[in-house]
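On a predicted model such as this, the values are computed, not experimentally measured, just so you know. In what follows, every heavy atom counts, from backbone to side chain, and hydrogens, waters and symmetry copies are set aside.
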Amino acid sequence: MKRLIVVTLLLAPALCFGQGDGGVACKNAYRPQTDYYYNLEETLTDKVTFATPAGDEIASAIIEGPLESEKNTHREIILSMGKADAAGVFPVNFLVTRSPGLPDDLPEGLLIFGHGTTNGVTLDSVSSSRFDEVSRSQLLEVARSIVQPKEREAIRPGESFTEVAMTRVAVFNATVNVKITTRYTLNRIEDEIAYFDIIQTCEKEDNKQRSITVSGEGKGEWQHHITGHFSPLYACETAVRIGQKQDAFSVRTELTLKSVQTVTVVAPPEWTFEQ
């Protein structure tokens, strides 16, 4: 039985903020001669339970008991900014130093080149001949989603914004499209750090598969350095429950994903977050 949940490589929303008018306003900025170390650790637990109608001894004898598994994954990425030229443009290297090698994942050793300014980064070429044009395009798309932030209006403590993501979950003999709605509420701002509370809800994307039900929720914390323009911590735990009705039995799949992402910045000694 194949069970798979495809999640976003880096879970913290690709957003950059600056402070203004008593709140947090969008601001996209990268610094030359600075390295950003991304570290993401995930634990996915999977429990499948089968149930048969009361009194059906034949089906009860065939159906297995609960099936449980746990998988731990670890990813590391280094985003390196080079020295700026007279026009303020600097080279950019995007290097995957550790990857679990799952399908749809960025492979370990992947190196992508690009260029940037303090207003943003552009990734434009994959340094490898082992990928065809389609694979190169897909890898660039994933990498760009990490380094090219979305812009948002200013947000103040107590206010929220919402992100919606789709993921595919393979359960028993079907694949279900699950919609995960994540609400980020700015809790407070302390010492240049914006603290967000994370609340998630999970549901089936459509009603085409009427024999399948989906529910779930999640919660966590996101910290974003306002003047440094990076997220030192993103931690979230998401639970998804999927029910399936078969002719002779029913199946209940419970998935729990615990994710912790950290970003560490290494910059020249004279570099300060206030610059």
Side-chain angles (χ1 to χ4, degrees), residues 1-13 40-75 99-105 138 142 145 160-185 196-222 234-261:
M1 183 188 307
K2 183 180 180 182
R3 298 181 297 280
L4 171 67
I5 181 168
V6 180
V7 297
T8 306
L9 175 63
L10 295 176
L11 300 178
L40 174 63
E41 297 185 35
E42 297 176 334
T43 299
L44 176 64
T45 57
D46 184 356
K47 180 179 179 181
V48 180
T49 305
F50 300 91
T52 58
D56 192 335
E57 297 181 359
I58 296 179
S60 298
I62 296 174
I63 297 301
E64 300 179 64
L67 303 177
E68 299 184 50
S69 66
E70 180 176 295
K71 179 179 293 185
N72 297 293
T73 57
H74 187 185
R75 299 175 179 86
S99 172
L102 299 175
D104 301 326
D105 213 338
Q138 292 173 340
V142 174
S145 70
S160 305
F161 68 90
T162 300
E163 294 276 308
V164 177
M166 301 295 177
T167 186
R168 293 179 293 110
V169 182
V171 288
F172 196 60
N173 60 353
T175 299
V176 186
N177 292 323
V178 178
K179 181 172 73 172
I180 302 177
T181 302
T182 305
R183 186 175 78 250
Y184 300 92
T185 301
F196 291 83
D197 295 327
I198 302 172
I199 296 293
Q200 294 179 320
T201 58
C202 308
E203 60 186 335
K204 191 166 57 173
E205 181 183 9
D206 54 53
N207 293 317
K208 295 180 181 179
Q209 298 165 301
R210 297 187 179 278
S211 63
I212 298 177
T213 60
V214 177
S215 63
E217 62 284 321
K219 62 180 181 179
E221 177 188 6
W222 172 34
Y234 182 101
C236 190
E237 180 173 336
T238 307
V240 180
R241 296 172 294 277
I242 301 173
Q244 296 172 270
K245 292 183 179 180
Q246 304 294 320
D247 292 337
F249 58 91
S250 62
V251 184
R252 178 182 172 88
T253 301
E254 299 172 80
L255 298 168
T256 302
L257 178 65
K258 298 179 180 179
S259 304
V260 178
Q261 175 187 304

Open item on the list: Check the orientation of Phe161 and Tyr184. Use parallel for under 30°, tilted for 30 to 60°, and perpendicular for over 60°.
Closed with: parallel
What's the spacing between [X] [atom1] and [Y] [atom2] if we round to 0.5 Å?
X      : Y      : atom1 : atom2 : result
His74  : Leu40  : NE2   : CG    : 8.0 Å
Ser259 : Glu237 : OG    : CD    : 9.5 Å
Ser250 : Phe50  : OG    : CZ    : 9.5 Å
Asp46  : Leu257 : CG    : CG    : 11.5 Å
Lys204 : Ile242 : NZ    : CD1   : 10.0 Å
Glu42  : Lys71  : CD    : NZ    : 11.0 Å

Task: Thr182 and Gln200 side chains, donor-acceptor separation under 3.5 Å - done: yes
- [ ] Verify whether one side chain among Asn72 and Thr43 offers a donor that lies under 3.5 Å from an acceptor in the other.
- [x] yes
- [ ] Determine, step by step, whether Val176 and Arg168 satisfy the side chain to side chain contact (heavy atoms under 4.5 Å, CB included) criterion, reporting the C-alpha distance in whole Å, the side-chain angles of both residues, the deciding distance to 0.1 Å, and the verdict.
- [x] CA-CA 6 Å; Val176 186; Arg168 293 179 293 110; over 6 Å; no
Open item on the list: One thing to verify: whether Glu41 and Lys258 come together as a salt bridge, which I'm taking to mean a side-chain N less than 4.0 angstrom from a carboxylate O.
Closed with: no
Any non-hydrogen side-chain atom of [X] less than 4.5 Å from a side-chain atom of [Y]?
X      : Y      : value
Ile198 : Lys219 : no
Ile199 : Thr185 : no
Val251 : Val48  : yes

Open item on the list: Under the criterion side chain to side chain contact (heavy atoms under 4.5 Å, CB included), I'd like the reasoning laid out for Thr238 against Cys202: C-alpha separation, chi angles, the key distance, then a yes or no.
Closed with: CA-CA 9 Å; Thr238 307; Cys202 308; 3.9 Å; yes
Task: Test applied, side chain to side chain contact (heavy atoms under 4.5 Å, CB included); reference residue, Val214; option that passes from Thr253, Val169, Val178 - done: Val178
Task: Residues in salt bridge (Lys or Arg N to Asp or Glu O under 4.0 Å) contact with Arg241, at least two apart in sequence or another chain - done: Glu217
TODO: Report the residues that fulfil salt bridge (Lys or Arg N to Asp or Glu O under 4.0 Å) with Glu203, sequence neighbours left out, ordered by chain and then residue number.
DONE: Lys179
- [ ] Please report the C-alpha distance between Thr167 and Ile180 in whole Å, then the side-chain angles of each, then the deciding distance to 0.1 Å, and finally whether the side chain to side chain contact (heavy atoms under 4.5 Å, CB included) criterion is met.
- [x] CA-CA 8 Å; Thr167 186; Ile180 302 177; 4.0 Å; yes
